[in-house]
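I have placed the structure first, in the form of structure tokens, so that the comments after it can refer back to it.
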Number of protein chains: 4
Amino acid sequence: MQDAHSEPTRDTNGKTKSTARRGRPVGDHKAKQAVLLKAAIAVIAKEGYAGASLRKVAKQAGYTTGAVTYYFANKEAMITAVAENLFDEFHALLEAGREHADLKAILEQWLEWTRTEDDAWLVLFQLLAHARHEPAFANILQQRYAGFRQIFTSILESGQSQGRIRRDIPADLLADQISAISDGWMMMFPLEPERFEPHRVQTLLDAAITMISPYPASGD
Amino acid sequence: MQDAHSEPTRDTNGKTKSTARRGRPVGDHKAKQAVLLKAAIAVIAKEGYAGASLRKVAKQAGYTTGAVTYYFANKEAMITAVAENLFDEFHALLEAGREHADLKAILEQWLEWTRTEDDAWLVLFQLLAHARHEPAFANILQQRYAGFRQIFTSILESGQSQGRIRRDIPADLLADQISAISDGWMMMFPLEPERFEPHRVQTLLDAAITMISPYPASGD
Amino acid sequence: MQDAHSEPTRDTNGKTKSTARRGRPVGDHKAKQAVLLKAAIAVIAKEGYAGASLRKVAKQAGYTTGAVTYYFANKEAMITAVAENLFDEFHALLEAGREHADLKAILEQWLEWTRTEDDAWLVLFQLLAHARHEPAFANILQQRYAGFRQIFTSILESGQSQGRIRRDIPADLLADQISAISDGWMMMFPLEPERFEPHRVQTLLDAAITMISPYPASGD
Amino acid sequence: MQDAHSEPTRDTNGKTKSTARRGRPVGDHKAKQAVLLKAAIAVIAKEGYAGASLRKVAKQAGYTTGAVTYYFANKEAMITAVAENLFDEFHALLEAGREHADLKAILEQWLEWTRTEDDAWLVLFQLLAHARHEPAFANILQQRYAGFRQIFTSILESGQSQGRIRRDIPADLLADQISAISDGWMMMFPLEPERFEPHRVQTLLDAAITMISPYPASGD
DNA sequence: CATGAATGAGGTTTCATTCAT
DNA sequence: AATGAATGAAACCTCATTCAT
């Protein structure tokens with residue numbers, strides 16, 4: 001996966017300016033943090049949020065107990081970092097798709113992603129379930145989701161202006177519906193994997209697209 | 001919800017100062033179990049699954065820790081009982097709605113329910129997130145969900161034959177989409193309550209109905 | 001196994017005098033107690049002392065929790081009753097053997113007994129290990145053991161006077177050694193059953209007899 | 001034995017009033033583990049296996065509950081460590097005695113040991129009683145005991161070749177008998193200490209030696 | 001007589017966190 | 001910069017015991 005720099009908002013000071021390594025190793029911090037992050041994702045995916053302890057994360061990463069609390073002030077800080085990381089990935093996906101303004105392509109890419117990095121959605125869902133009880137985290141989530149829906153909306157709007165998306169429902173409502181459907185699938189996917197084999201997923205996706213498309217001339 | 005003393009039969013005299021109530025009590029098993037169930041729901045809603053401990057449930061119900069494990073063999077047994085309970089309520093709702101075969105009415109009733117017993121959905125979502133790690137529980141869930149989708153499907157089928165539901169998408173796929181949308185809303189509701197105020201919910205609902213309805217003659 | 005009346009020292013009042021059953025069923029008490037005793041033995045044998053709970057005993061007997069504490073004032077009372085019961089059996093064995101004054105026969109019978117009712121020794125050993133921490137119980141044990149050693153001694157004495165037992169060691173010391181050997185075997189038997197298959201036990205027994213027998217004329 | 005403060009490195013200043021000692025401490029792992037081991041032995045000796053809780057061990061050592069489970073993964077791990085420790089001591093004793101090939105000396109040393117470190121045998125017996133229900137532990141025990149018997153056998157064999165041990169019974173059987181007698185004494189010692197005062201023990205020991213010695217020329 | 005609901009202490013274990021090194 | 005020993009609270013659960021029915 002992306003290395004430590006997938007997370008752009010951190011570390012604004014100049015410590016890393018000189019690429020020539022002098023004195024004590026620099027930059028390890030971010031790298032190690034990324035390793036721990038990955039371990040955290042793996043642990044949450046396997047054990048669920050409730051079963052994910054800092055100890056297990058440390059072990060999974062091959063680090064010591066102290067290291068985890070050294071790199072993350074808190075358990076919540078770690079969880080938050082995990083969430084930011086995942087959202088960043090998803091955001092990149094969306095942005096890439098926005099250029100083509102093709103919703104179907106985006107959803108397909110998204111499905112592809114969930115298949116490749118299947119841990120991601122598992123974890124995201126776990127975190128979502130606990131956001132309500134970690135206010136700081138809930139905040140992050142709201143903002144991210146708002147951003148996603150906005151992108152969706154803009155894509156749908158351009159789709160409407162091109163006649164590829166039905167116009168009788170406002171774009172923001174459609175974005176909400178699509179977003180909800182995606183979430184709903186994500187929610188069920190880990191529970192009933194057999195209901196989400198590739199072929200059926202394609203069918204579901206087609207049906208969703210049909211639901212937000214204008215009716216063909218013939219109508220029904 | 002009710003605070004710790006929602007259970008009224010306790011400690012009516014002053015004797016309990018040093019010797020707590022012992023021996024065979026009056027109430028019947030089912031009733032007390034229901035009290036504990038309700039307490040469990042309240043706790044899970046407030047603290048989330050990960051934060052819901054038997055201790056807290058006991059305290060919430062005004063019982064001792066031992067009492068909880070007396071009525072429920074396990075924590076998992078308790079959780080399972082909670083889930084069954086909630087599913088039963090939802091099932092009743094669905095069955096009642098099936099008679100009218102009116103999807104919109106059903107969804108509205110459901111929204112009404114989530115508003116009245118707001119804990120229910122909160123809890124269900126929490127449980128869903130943990131089902132993956134409690135196989136026995138996951139099983140229950142699958143069966144229940146399958147049942148719900150089947151009812152949805154039959155309602156949609158009759159809607160299709162009456163011309164109130166679009167026919168270009170098979171009923172079972174529509175049922176899946178509706179189910180996913182509901183889940184998606186349920187997922188976001190606790191995180192962004194302001195996005196789900198009554199008026200907006202009505203709008204969302206209308207949009208969803210529109211998406212599964214046949215196009216008006218005029219079309220777009 | 002013997003029914004409730006294997007235990008002769010209890011209930012000296014006349015409640016049971018009339019064999020004709022009148023009014024409320026009498027004698028059930030003893031019978032049920034015996035059932036519970038048997039269950040207790042089974043549980044201790046299977047789970048060890050530390051793992052033997054009144055609950056498990058109740059379940060094993062098919063009784064309720066309350067029944068156990070109804071028939072036995074205490075857990076310790078139950079344990080004590082179990083011990084008395086086992087000692088009674090062993091005492092009967094010894095007494096039967098005393099008549100023949102044949103130590104070898106006694107030991108063989110004893111081995112036979114341990115093989116038939118293998119739970120007995122397992123349990124006795126478990127109880128022994130805990131006697132030190134239950135003074136009342138330790139007391140019983142001392143008295144019983146003293147009795148056994150006395151019988152052993154008297155048998156050995158008569159053996160000595162008949163020239164079948166060596167005379168260079170006082171009978172009471174020999175009794176102690178034999179007693180210790182038996183205990184030692186009992187101690188190891190559950191741990192290394194393969195070391196105590198019938199044939200080897202016979203060999204061990206013969207060796208023990210040889211050790212307390214006078215030397216043959218030839219000597220070594 | 002030593003009371004709770006046998007561990008001297010603790011709390012040398014008054015700071016600990018409200019904030020207990022935290023962070024990386026000085027002592028070395030092995031030493032602290034040994035302290036806890038000793039505490040465990042003391043507790044088991046006093047309270048028996050069934051009554052020995054990790055909490056009590058922690059208190060006895062002056063540590064916290066968490067410390068105990070930090071040094072021993074499990075209760076069983078702790079028990080096992082205790083057993084290994086005791087067996088090691090006993091093994092050292094035996095090995096020391098093997099050089100002289102003098103069984104009587106060994107037994108006397110052993111008796112001396114049981115008198116000095118009286119907890120040792122008490123504990124060993126407690127553990128023995130529970131070995132049957134902890135298979136991993138039973139395994140350790142079997143191997144150790146087998147080793148002990150082998151040493152006994154070799155000593156007895158050399159005794160036989162020197163004419164100090166009777167030859168009409170194979171050495172391995174004699175070893176078994178001696179082993180059983182030791183175990184039998186160990187079993188009764190905590191229950192009837194008055195039967196095992198030094199003088200009588202000496203007498204018992206002499207009798208045992210006589211039983212495995214060749215008959216004097218005169219015979220009886 | 002006999003039950004079984006309920007207690008509350010105590011068991012083992014896991015955990016996030018701290019901090020001397 | 002990193003460690004890992006140690007903490008202490010809290011988790012789940014089991015248990016002997018009591019006593020209204």
Side-chain angles (χ1 to χ4, degrees), chain A residues 24-26 28-29 32 50-58 63-78, chain B residues 10 16 19-29 32-33 50-58 63-76 78, chain C residues 24-25 28-29 32 50-58 63-78, chain D residues 10 16 19-29 32-33 50-58 63-78:
Chain A
R24 273 209 290 95
V26 172
D28 274 306
H29 196 272
K32 294 211 176 169
S53 70
L54 298 190
R55 282 231 234 286
K56 284 178 193 158
V57 171
Y63 282 45
T64 61
T65 338
V68 180
T69 50
Y70 177 72
Y71 283 104
F72 300 101
N74 255 341
K75 182 177 184 178
E76 187 167 348
M78 189 184 76
Chain B
R10 222 144 201 57
T16 50
T19 58
R21 281 260 243 103
R22 288 287 191 86
R24 182 173 249 243
V26 209
D28 74 305
H29 195 88
K32 299 245 166 135
Q33 194 157 322
S53 69
L54 299 189
R55 281 227 248 276
K56 285 177 192 160
V57 171
Y63 281 49
T64 61
T65 331
V68 179
T69 53
Y70 175 73
Y71 280 102
F72 301 100
N74 259 344
K75 182 178 182 176
E76 186 166 349
M78 188 185 76
Chain C
R24 273 207 290 97
D28 272 307
H29 196 272
K32 295 211 176 170
S53 70
L54 298 190
R55 282 232 234 288
K56 285 178 192 159
V57 171
Y63 282 46
T64 62
T65 339
V68 180
T69 51
Y70 178 73
Y71 283 104
F72 300 102
N74 255 341
K75 181 178 184 177
E76 187 167 347
M78 188 185 76
Chain D
R10 224 148 200 51
T16 51
T19 59
R21 283 259 244 102
R22 287 288 190 86
R24 180 173 250 243
V26 210
D28 76 305
H29 195 88
K32 300 245 165 133
Q33 194 157 321
S53 70
L54 298 190
R55 281 225 246 271
K56 283 178 193 158
V57 171
Y63 282 48
T64 60
T65 331
V68 179
T69 53
Y70 175 73
Y71 280 102
F72 302 101
N74 259 343
K75 182 179 183 176
E76 187 167 347
M78 189 184 76

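Below, each value reflects all heavy atoms present in this structure, side chains not excepted, and no hydrogens, waters or symmetry copies.
With sequence neighbours excluded, the residues that form a side-chain contact (heavy atoms from CB on, under 4.5 Å) with D:Ala58 are D:Val68. Partners of C:Tyr71 by ring-ring contact (aromatic ring centres under 6.0 Å, His included), not counting sequence neighbours, listed by chain and number: C:His29. By the side-chain contact (heavy atoms from CB on, under 4.5 Å) test, B:Ser53 is found to be paired with B:Arg55, B:Lys56, residues two or more places apart in sequence or in another chain being considered. With sequence neighbours left out, the side-chain contact (heavy atoms from CB on, under 4.5 Å) criterion links B:Ala50 to A:Tyr49, A:Ala50, A:His130.
The side chain of C:Lys32 places an N or O atom within less than 4.0 Å of a non-bridging phosphate oxygen (OP1 or OP2) of E:dA2. Between B:Arg55 and F:dA11, a side-chain N or O to OP1/OP2 separation shorter than 4.0 Å is present. Checking the phosphate oxygens (OP1, OP2) of E:dC15, a side-chain nitrogen or oxygen of A:Ser53 falls inside 4.0 Å. Within the structure, every side-chain polar atom (N or O) of B:Lys56 is placed at least 4.0 Å from both OP1 and OP2 of F:dA10.
If you measure from atom CG of D:Leu54 to atom P of E:dG11, you get 9 Å, rounded to the nearest angstrom. Remark: P of E:dT21 and NE2 of D:His29 are 18 Å apart, rounded to the nearest angstrom.
The OG1 atom of B:Thr64 sits 11.5 Å away from the CG atom of B:Leu54 when rounded to the nearest 0.5 Å. Atom-to-atom distance recorded for B:Thr69:OG1 and B:Lys75:NZ is 13.0 Å, nearest 0.5 angstrom. Here the OH-NZ distance, from B:Tyr63 to B:Lys32, works out to 4.0 Å after rounding to the nearest 0.5 Å.
C:Ala52 comes within contact range of the sugar-phosphate backbone alone, with a heavy-atom separation under 4.0 Å but no base atom that close.
Interface residues of residues 69-78 of chain C facing DNA chain E, ordered by number: C:Tyr70, C:Tyr71; criterion, heavy-atom separation under 4.0 Å.
Heavy-atom nearest nucleotides on DNA chain F were determined for D:Gly66 and for C:Gly66, and the one closer to the 5' end corresponds to D:Gly66.
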*Which nucleotides of DNA chain E pair, in dot-bracket form (Watson-Crick or G-U under 3.5 Å, | meaning another strand)*: .||||||||||||||||||||

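Nearest heavy-atom pair, A:Ala73 versus A:Ala77, reported as atom, atom and distance to 0.1 Å: N-CB, 4.1 Å.
Of the listed nucleotides (E:dT3, F:dT17, F:dT3), E:dT3 has the atom at the smallest distance from the side chain of C:Thr64.
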